[in-house]
Amino acid sequence: MSLILIPPFVQQINSEIARQADVDLFVLRLDVMHPWVNGNKWFKLKYNLLEAEQKNFTRLLTFGGAYSNHIYATAAAGNLLGFQTIGVIRGEENLPLNPTLSFALQQGMELVYLSRQMYRQRSTVALNEYLQQRFGEVFIIPEGGNNLNGVRGCTEIISQAMPTPGYAYAFDYICVACGTATTLAGIALSLHQGQKAIAFPVLKGAFLKQEIENILTNYLASSLRTPYNSPAAWELMCDYHFGGYAKVNQQLLRFSQEFSSAHGVPLDYVYTAKMFYGVMDLLQQGFFAKGKSLLLVHTGGLQGNVGMEYRLQKMCQI
Ligand SMILES: *Cc1c(COP(=O)(O)O)cnc(C)c1O
């Protein structure tokens, strides 16, 4: 596979809040790796794409919502690496296509729409067999790249995506935004003893804890496990979802804009803005002990801002 990626870099954040808390703050910029294929979505795709290539598939099929970062990244990666791609999109077609789906189409992705009810069956054998029949030989990647290959890729976020080996282990806390927790699981599996992963769910609901245990158990029982994979401590911070998935309010929008302009780190509204907000709030509460250092993983997702800003504008016009 040949895809030229810029190595992520670590950026220090000189913030008054961090200084007052006596904590060092750094961001791991996975958003800079490639204009289209970046963030945690690249790490979740990596071993899925390698498996597809090894098994001589020429077509990929995957799932996502209409603003999905994963659909966007898969369409671009497929195009760059010579795979045909099919995107199974949740819900009806809405014309004109939003920026995410027009991009996917431009990259050559074939878009197929499933009713929300059908889409809910996306992980069932029945629906997958139906799609195999309808589209012929396709390598199916689950929504978000959320499978064991996805976890495997995410074990490389901290351990390998670093300027110098070992540098990653200087951090006490690794903070990450969390949807399905595939990324959190990969990160937790790659940390050293004494390091701790702090995850900020962007969805409401208390289902995640068990889900994370399940992902870790399945990974450790799989053939992908390496001797280095022992899950570090992790914790969920459940108070920063802002009402649920893709929900925002003025406070979050203002925070995101102010943080970006003060520190030169653009944030996406769905994931990273909520995590960064949560970290700054916890710093103000004195949650982190003095002298500790934090690494905030910028998981990308900036493509989604175009669609979000478009929706917000429409809301304001009403
Ligand atoms: C998908 C995504 C996440 C969530 O990843 P999970 O592995 O589902 O927890 C976080 N940040 C961004 C920018 C994403 O696109």
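Being a predicted model, the structure only gives us computed values, none of them experimental. The basis for the numbers below is simple: all heavy atoms, side chains too, and nothing from hydrogens, waters or symmetry mates. Order of appearance sets the numbers: ligands from 1, and atoms from 1 within every ligand.
Residues Leu61, Phe63, Ile86, Val112, Leu114, Met118, Tyr119, Leu127, Tyr130, Leu131, Phe135, Val138, Ile140 make up the rest of the hydrophobic cluster containing Val88, defined by ILVMFWY side-chain heavy atoms closer than 4.5 Å, directly or through other members. Hydrophobic clustering, defined by side-chain heavy atoms of Ile, Leu, Val, Met, Phe, Trp and Tyr closer than 4.5 Å, groups Ile89 together with Ile71, Leu95, Leu97, Leu101, Leu105, Met109, Leu111, Tyr113.
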Original post:
Going through the checks in order, is the side-chain contact (heavy atoms from CB on, under 4.5 Å) test met by Cys154 and Ile157?
Top reply: CA-CA 5 Å; Cys154 291; Ile157 290 176; 4.0 Å; yes
I'd like a table of donor-acceptor pairs (distance under 3.5 Å, sequence neighbours excluded) in which one partner is a side-chain atom from residues 196-203, with atom names and distances.
from	atom 1	to	atom 2	distance (Å)
Lys196	NZ	Glu235	OE1	2.6

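Checked against a 6.0 Å centroid threshold, the rings of Phe57 and Phe83 do not count as neighbours.
A perpendicular orientation is assigned to the rings of Phe259 and Phe276, their planes being inclined by more than 60° (bins at 30° and 60°).
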Give every pair formed by an N or O atom of ligand 1 and a protein N or O atom closer than 3.5 Å, one pair per line with both atom names and the distance to 0.1 Å, or write none.
from	atom 1	to	atom 2	distance (Å)
ligand 1	5 (O)	Asn40	ND2	3.0
ligand 1	5 (O)	Thr183	OG1	3.4
ligand 1	7 (O)	Lys44	NZ	2.8
ligand 1	7 (O)	Thr182	N	3.4
ligand 1	7 (O)	Thr183	N	2.9
ligand 1	7 (O)	Thr183	OG1	2.6
ligand 1	8 (O)	Lys44	NZ	3.4
ligand 1	8 (O)	Thr180	N	2.8
ligand 1	8 (O)	Thr180	OG1	2.6
ligand 1	9 (O)	Gly179	N	2.8
ligand 1	9 (O)	Thr180	N	3.2
ligand 1	9 (O)	Ala181	N	2.8
ligand 1	11 (N)	Thr299	OG1	2.6
ligand 1	15 (O)	Lys41	NZ	2.7
ligand 1	15 (O)	Asn69	ND2	2.7

